[in-house]
Amino acid sequence: MRLRNKPWAIKLVNEHPESVLQNPDPEKKIDWAARFGNDHPIEIEVGSGKGHFITTLAEKHPEKNYVALELQTTAAGIILRTKLEKGLDNLQILRGDAANIDLFFAENTTDVIYLNFSDPWPKTRHEKRRLTYKSFLAKYKQVLKTDGQIQFKTDNAGLFAYSVQSMNNFGMHFDFVSVDLHHEKPEILEKNIETEYEHKFAAKGNPIYALWANFLSE
C-alpha cells in the first residue's frame, strides 16, 4: 500500500544521511560494517512499511544489525522517527528497489531476509514483480550466507501457494511451513513479531500463511 506523502517525513530523511541511505551507487557495494560501526550479523526486511516489525526486532536484538529496505520516502521517514525515538543504533534504512538487493549487499553477508505481506501482484503478466519470483530468489541466494534463511509471511493464499511452488522449483529447503500461523504451537508464536498488516488481517479472522526456507541442499 502506498503511503500519502508527508513533508515532515521527507524533511526528516534528508536531515539524517547517517541513518538513511538514499539512491546508493549501484556500481559500488555498500560498506555496512562502516555504517553500523561493527560487523554484527545482518538481517534485512524487504518492504518495511511503517516499520513496526523491523524496529521491534532491532529493539529486541541489539546484538544484530538490521536493514529496512524501503522504496517510499514517507515510509522511510516513519521508520526513522521510531529509530530515533528508541535510539536504535543497530538499524539502518535503505531507500532502494528490492530488485537491486544484490547490488546493495555483498555476497554471503546476510543471515535472514524477511518478506512480510509483499504485494501479491495477482495478474499473470506481473509474475516477475512478485518478490518470490525466481529472479528475486537468485538474488537472495547471492547475498545470503550459506546457511541464511528467508522468512515469508502473507495473508494472500494465492501468493503463498505460488511462493511455495517457486521456492520448491528453485530447489530450496523448507524449515517451517504454516497455513495458519496464529494457531501454531506456543514456541512458534513466541518468536513471531506481527507487522501492522498482520495485526489488522488476523483481527478479522484471516489466516496468516508463513514459511521459513533456505538454499541448503538436502
- [ ] Might you work through the side-chain contact (heavy atoms from CB on, under 4.5 Å) test for Gln92 and Asn65, ending with a clear yes or no?
- [x] CA-CA 8 Å; Gln92 284 278 313; Asn65 292 329; over 6 Å; no

Task: Lys/Arg N to Asp/Glu carboxylate O, Glu196 vs Lys200, below 4.0 Å - done: no

Task: His183 atom NE2: more than 12 heavy-atom contacts under 6.0 Å - done: no

- [ ] Side-chain contact test, heavy atoms from C-beta onward, threshold under 4.5 Å: evaluate it for His182 versus Asn192 and give yes or no.
- [x] yes

Task: Verdict with reasoning, Leu211 to Lys153, per side-chain contact (heavy atoms from CB on, under 4.5 Å) - done: CA-CA 7 Å; Leu211 65 82; Lys153 291 194 288 188; over 6 Å; no

TODO: Can you measure from CG (Leu84) to CG (Asp89) and round to the nearest 0.5 angstrom?
DONE: 9.5 Å

Open item on the list: Between the side chains of Lys64 and Glu43, is the shortest nitrogen-to-carboxylate-oxygen separation below 4.0 Å, so that they form an ion pair?
Closed with: yes

Task: Worked check of side-chain contact (heavy atoms from CB on, under 4.5 Å) between Gln22 and Val13 - done: CA-CA 9 Å; Gln22 303 192 72; Val13 164; 3.2 Å; yes

Open item on the list: Are there over 12 heavy-atom neighbours, none belonging to Asp39, within less than 6.0 Å of that residue's CG?
Closed with: no

- [ ] Identify the two heavy atoms, one from Thr55 and one from Gly51, that lie closest to each other, and give their separation to 0.1 Å.
- [x] OG1-O, 2.7 Å

Open item on the list: For a 4.5 angstrom cut-off between non-hydrogen side-chain atoms, does Pro207 reach Asp155?
Closed with: no

Task: side-chain contact (heavy atoms from CB on, under 4.5 Å) evaluation trace for Asp180 with Ile208 - done: CA-CA 5 Å; Asp180 194 358; Ile208 303 301; 6.0 Å; no

TODO: Check whether more than 12 heavy atoms from other residues, nucleotides or ligands sit under 6.0 Å from atom CD of Glu127, and answer yes or no.
DONE: yes

- [ ] Working to the nearest 0.5 Å, report the span between CG of Leu131 and OG1 of Thr154.
- [x] 10.5 Å

TODO: Cation-pi check, Arg130 to Tyr162: give yes when NZ or CZ is under 6.0 Å from the six-membered ring centre and within 45° of the ring axis, no otherwise.
DONE: yes

Task: Any donor-acceptor N or O pair under 3.5 Å, side chains Glu85, Thr82 - done: no

Open item on the list: Quick check: closest heavy atoms across Thr132 and Leu159, and the distance to 0.1 Å?
Closed with: OG1-CD1, 4.2 Å

TODO: In sequence, state the C-alpha distance, the side-chain angles, and the governing distance for Asn90 and Glu63, and then conclude on side chain to side chain donor-acceptor pair (under 3.5 Å).
DONE: CA-CA 8 Å; Asn90 61 330; Glu63 77 282 3; over 6 Å; no

Open item on the list: Are the side chains of Ile78 and Trp8 in contact, using a 4.5 Å heavy-atom criterion?
Closed with: yes

Task: Test item: Phe160 and Val179 side chains (from C-beta on) under 4.5 Å apart, heavy atoms - done: yes

Open item on the list: Do Val143 and Lys139 have side chains that approach each other closer than 4.5 Å (heavy atoms only, starting at C-beta)?
Closed with: no

Open item on the list: Let me check something: do Leu189 and Tyr114 share a hydrophobic cluster, defined by ILVMFWY side-chain heavy atoms less than 4.5 Å apart, either directly or through other members?
Closed with: no

Open item on the list: Tell me whether the count of non-hydrogen atoms from other residues, nucleotides or ligands lying under 6.0 Å of NZ in Lys128 goes above 12.
Closed with: no

Task: Any side-chain heavy-atom pair of Ile79 and Val20 under 4.5 Å - done: no

Open item on the list: As an exercise, state the distance from CE of Met167 to CG of Asn214, rounded to the nearest 0.5 Å.
Closed with: 10.5 Å

Task: Path from Leu12 to Ile10 over hydrophobic side-chain contacts below 4.5 Å - done: no

Open item on the list: Measuring from atom CD1 of Ile113 to atom CD of Gln149, what distance do you get when rounded to the nearest 0.5 angstrom?
Closed with: 11.0 Å

TODO: Measure from the side-chain N and O atoms of Ser19 to the backbone N and O of His16, and report whether any donor-acceptor pair falls under 3.5 Å.
DONE: no

Open item on the list: Rounded to the nearest 0.5 Å, what separates atom OG in Ser48 from atom CG in Leu91?
Closed with: 8.0 Å

TODO: Verify whether one side chain among Gln142 and Asn108 offers a donor that lies under 3.5 Å from an acceptor in the other.
DONE: no

Open item on the list: Is it the case that the ring center of Trp212 lies less than 6.0 angstrom away from the ring center of Phe174?
Closed with: no

TODO: Would you kindly check if the NZ (Lys) or CZ (Arg) of Arg129 is within the cone defined by 45 degrees around the ring axis of Trp121 and under 6.0 Å from the six-membered ring centre?
DONE: yes

- [ ] Hey, can you tell me if Tyr140 and Phe136 have their rings parallel, tilted or perpendicular (30° and 60° cut-offs)?
- [x] tilted

Task: NZ-OH distance between Lys60 and Tyr66, expressed to the nearest 0.5 angstrom - done: 10.5 Å

Task: Beyond-backbone contact of Arg35 with Ile30, side-chain heavy atoms, under 4.5 angstrom - done: yes

Task: Least distance between heavy atoms, Phe152 atom then Ser163 atom - done: CZ-OG, 3.5 Å

